[in-house]
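Hydrogens, waters and symmetry mates are skipped; everything else that's a heavy atom, side chains included, is used. Please read all numbers here as calculations on a predicted model, not as lab measurements.
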Amino acid sequence: MRNDRGRTVRPHEYLDTDERPAGEERNSAQSPAASGPLQRLSAAGVAVWLDDLSRHRLASGSLAALVRNWSVCGVTTNPSIFENALQSGEAAYGEQILVLANAGANAAEAVRALTTTDVRWACEILQETYERSGGTDGYVSIEVDPYLSRNVPGTVAEARDLFRLIGRRNVLIKIPATAECLPAITQTLAAGIGVNVTLIFSLERYEGVQDAFMAGLEQARANGHDLAAIQSVASFFISRVDTEVDRRLGEDARDYLRGAAAIANARLAYEKFETMLRTPRWRALEADGAHPQRLLWASTGVKDPAYFDTRYVTELIAARTVNTMPEETLHAVADHGVVDGDSISGTYDTSRTVLDKLTLAGVEYDDVVRALEAEGLQKFEVAWNELTSTVAQLLDDARAQVDRSRNPAQIPPPIPVSAAEGSRNVRR
């Protein structure tokens, strides 16, 4: 993977980072965020969020340290993140899994208990950020069951349940931006619940998300909710666009088209955001205290090692945006990210030209974004299945452990000393 200086960077090789265990405190004056690229990113109006969460990160103080010293002011999660957390830090969840096993919880119930516990804890860590920002930042996102991606009543019911279970104002419920689920976004916002609209790839679908967002606020106002207390972000996916477009371009494509689609697409989405802010419909909502639905740049870790490792951050800087990053990208930006202010304004004509040239090269935009949405939904479902399967196995293991403790006869007897000695002599 290349950095902005052109050198190759190994994972977790960061020039301005202490090599210390996750969660160990460092002085904020030593932090790259104190005066470096992350602080400049924040000053440019980009909210820095972390795309990761685990029980270990919470308990060790790692998340608190990132909030305190690295400009992190929000967190996003997904089933893959929780699956990785359970696989790599099973011990951290052991006590709660044992409690759930004793209570007779099934895998789906346990998944909800484990994930909502982590999200609630993260919300508590970010509560001060939430209050200090006047409710603009300090949010933690959790996703609805991906199998509900085309089920409006099911999605709305799940969103309400998650909001109730977590019990924190600074939680956002992630709802996929499928055409079928746009009404679920509206209905959830109308109930006064904040929404992270996820899995947006196309400019046309983003316009539909904007309409669903404003309709939700209009209904929330009619329902007597304080619009100033409702937040929403629109998660526009970045790196996956380049991965798919570059694959379709093939090896013979002109270099200037490779790796150009994702940033051009995102910049044109921001143009639509600016256009929305000028509409009478939005201005009426704003006059009643509404916050704009910020664009959140998601999938910002670089997947092609030939590309700069910070490009999906430094090339998408503009006011009123969010960039959620895996920790590796966060550290890369802190180390060598070139942050020189707004990198989006004034790029719209060039961005349209990029998409036009891709069409001439045989890459059909509408087909790309349709394929990416279908692939994204499938990945969410696979990750959900893996998470549920992992939790089911952990529950089974915990129940077996309880059964053994209640029935010592099931525990294999110890090997007699004389037999053990004989075994060692044979090995010799």
Side-chain angles (χ1 to χ4, degrees), residues 47 49 74 76 78 139 141-144 146 148-152 155-156 158-159 172-221 227 230-238 240-241 262 264-286 290-300 316 318 320-324 344 351 355 365-366 368-377 380:
W49 289 13
T76 50
N78 59 48
Y139 289 90
S141 296
I142 185 170
E143 197 162 317
V144 298
L148 297 171
S149 63
R150 293 186 170 86
N151 180 336
V152 172
T155 295
V156 175
E158 173 108 334
L172 295 179
I173 310 303
K174 290 178 76 174
I175 297 176
T178 60
E180 295 87 345
C181 253
L182 292 179
I185 296 164
T186 297
Q187 291 176 34
T188 303
L189 288 165
I193 298 171
V195 176
N196 177 340
V197 184
T198 190
L199 215 65
I200 309 173
F201 294 99
S202 83
L203 297 170
E204 181 180 3
R205 182 60 51 78
Y206 175 49
E207 289 180 333
V209 169
Q210 288 180 327
D211 180 69
F213 164 68
M214 288 190 283
L217 292 188
E218 288 162 349
Q219 292 180 27
R221 181 177 56 193
L227 297 189
I230 303 173
Q231 275 284 350
S232 182
V233 293
S235 292
F236 209 84
F237 280 54
I238 310 301
R240 295 187 194 182
V241 175
N265 196 40
R267 287 171 168 173
L268 291 174
Y270 190 79
E271 181 185 34
K272 291 187 178 296
F273 170 73
E274 291 184 312
T275 299
M276 184 271 290
L277 295 181
R278 293 192 293 267
T279 63
R281 185 183 185 188
W282 168 251
R283 287 177 175 166
L285 289 166
E286 187 176 39
H291 299 280
Q293 182 188 54
R294 290 178 294 176
L295 274 163
L296 180 151
W297 310 128
S299 183
T300 56
L316 293 174
R320 289 177 160 181
T321 59
V322 178
N323 196 305
T324 189
I344 293 182
S351 297
L355 297 189
Y365 176 86
D366 290 341
V368 167
V369 294
R370 276 195 300 268
L372 286 170
E373 180 180 290
E375 178 189 66
L377 290 170
F380 281 178

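- With rounding to the nearest 0.5 angstrom, the CD atom of Gln231 is 4.5 Å from the OH atom of Tyr139.
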* Asked: Given the rule in the side-chain contact (heavy atoms from CB on, under 4.5 Å) test, do Ser235 and Val197 qualify, once you have shown the distances and angles that lead to the verdict?
  -> CA-CA 6 Å; Ser235 292; Val197 184; over 6 Å; no
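- The two residues Ala47 and Arg294 come nearest to each other via the heavy atoms CB-NH1, 3.7 Å.
- Taking CD from Glu373 and CD1 from Ile200, the interatomic distance works out to 10.0 Å, rounded to the nearest 0.5 Å.
- Residues His291 and Ile230 form no side-chain contact, since every pair of their non-hydrogen atoms from C-beta on lies 4.5 Å or further apart.
- In this structure, Phe201 and Val368 have side chains that are not in contact, with every pair of non-hydrogen atoms separated by 4.5 Å or more.
- Under the 4.5 Å side-chain criterion, counting only non-hydrogen atoms from C-beta, Ser232 is in contact with Leu189.
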* To do: Would you please test Leu355 and Leu268 for side-chain contact (heavy atoms from CB on, under 4.5 Å) and show each step?
  => CA-CA 10 Å; Leu355 297 189; Leu268 291 174; 3.6 Å; yes
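- The side-chain heavy atoms of Trp297 and Val322, taken from C-beta on, include no pair separated by under 4.5 Å.
- Ala220 and Leu227 make their closest contact through CB-CD2, 4.1 Å (heavy atoms, listed as atom of the first residue, atom of the second, distance).
- Contact record, Leu377 with Pro176: CD2-CB, 4.3 Å, taken as the closest heavy-atom pair.
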* Given side-chain contact (heavy atoms from CB on, under 4.5 Å), test Leu295 with Val233 step by step and report yes or no. => CA-CA 6 Å; Leu295 274 163; Val233 293; over 6 Å; no
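- Judged purely by atom type and a 3.5 angstrom limit, Arg205 uses its side chain to pair as donor or acceptor with the backbone of Ala177.
- Note: Lys174 NZ to Ile142 CD1 = 10.0 Å, rounded to the nearest 0.5 Å.
- Closest non-hydrogen pair, Tyr365 versus Ser202, comes out as OH-CA, 3.4 Å.
- Within the model, atoms CH2 of Trp49 and CG of Asn196 stand 6.5 Å from one another, a figure rounded to the nearest 0.5 Å.
- Proximity of Thr188 to Ile175: side-chain heavy atoms (C-beta onward) are separated by under 4.5 Å at one or more points.
- In plain terms, the two heavy atoms of Cys181 and Ser149 that are nearest each other are SG-O, 3.1 Å.
- Within the 4.5 Å cutoff, the side chain of Thr155 has no heavy atoms near those of the Glu180 side chain.
- In this structure, the side chains of Glu207 and Met276 stay at 4.5 Å or more apart for every pair of heavy atoms.
- With 3.5 Å as the limit, one finds a donor-acceptor pair spanning the side chains of Thr76 and Thr324.
- In terms of heavy-atom proximity, Ala266 sits nearest to Leu316 at CB-CD2, 3.7 Å.
- With values rounded to the nearest 0.5 angstrom, Thr300 atom OG1 is found 14.0 Å from Phe236 atom CZ.
- For the pair Arg281 and Glu218, the salt-bridge criterion is met [side-chain N within less than 4.0 Å of a carboxylate O].
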* Asked: Between Phe213 and Thr186, does a side-chain contact (heavy atoms from CB on, under 4.5 Å) hold up when you go through it step by step?
  -> CA-CA 6 Å; Phe213 164 68; Thr186 297; over 6 Å; no
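- Annotation: the span from Glu271 atom CD to Leu203 atom CG amounts to 9.0 Å, rounded to 0.5 Å.
- Formation of a donor-acceptor pair under 3.5 Å by the Thr321 side chain with backbone atoms of Ala318 is found in this model.
- Using a 4.5 Å heavy-atom cutoff, the side chains of Trp282 and Pro292 are in contact.
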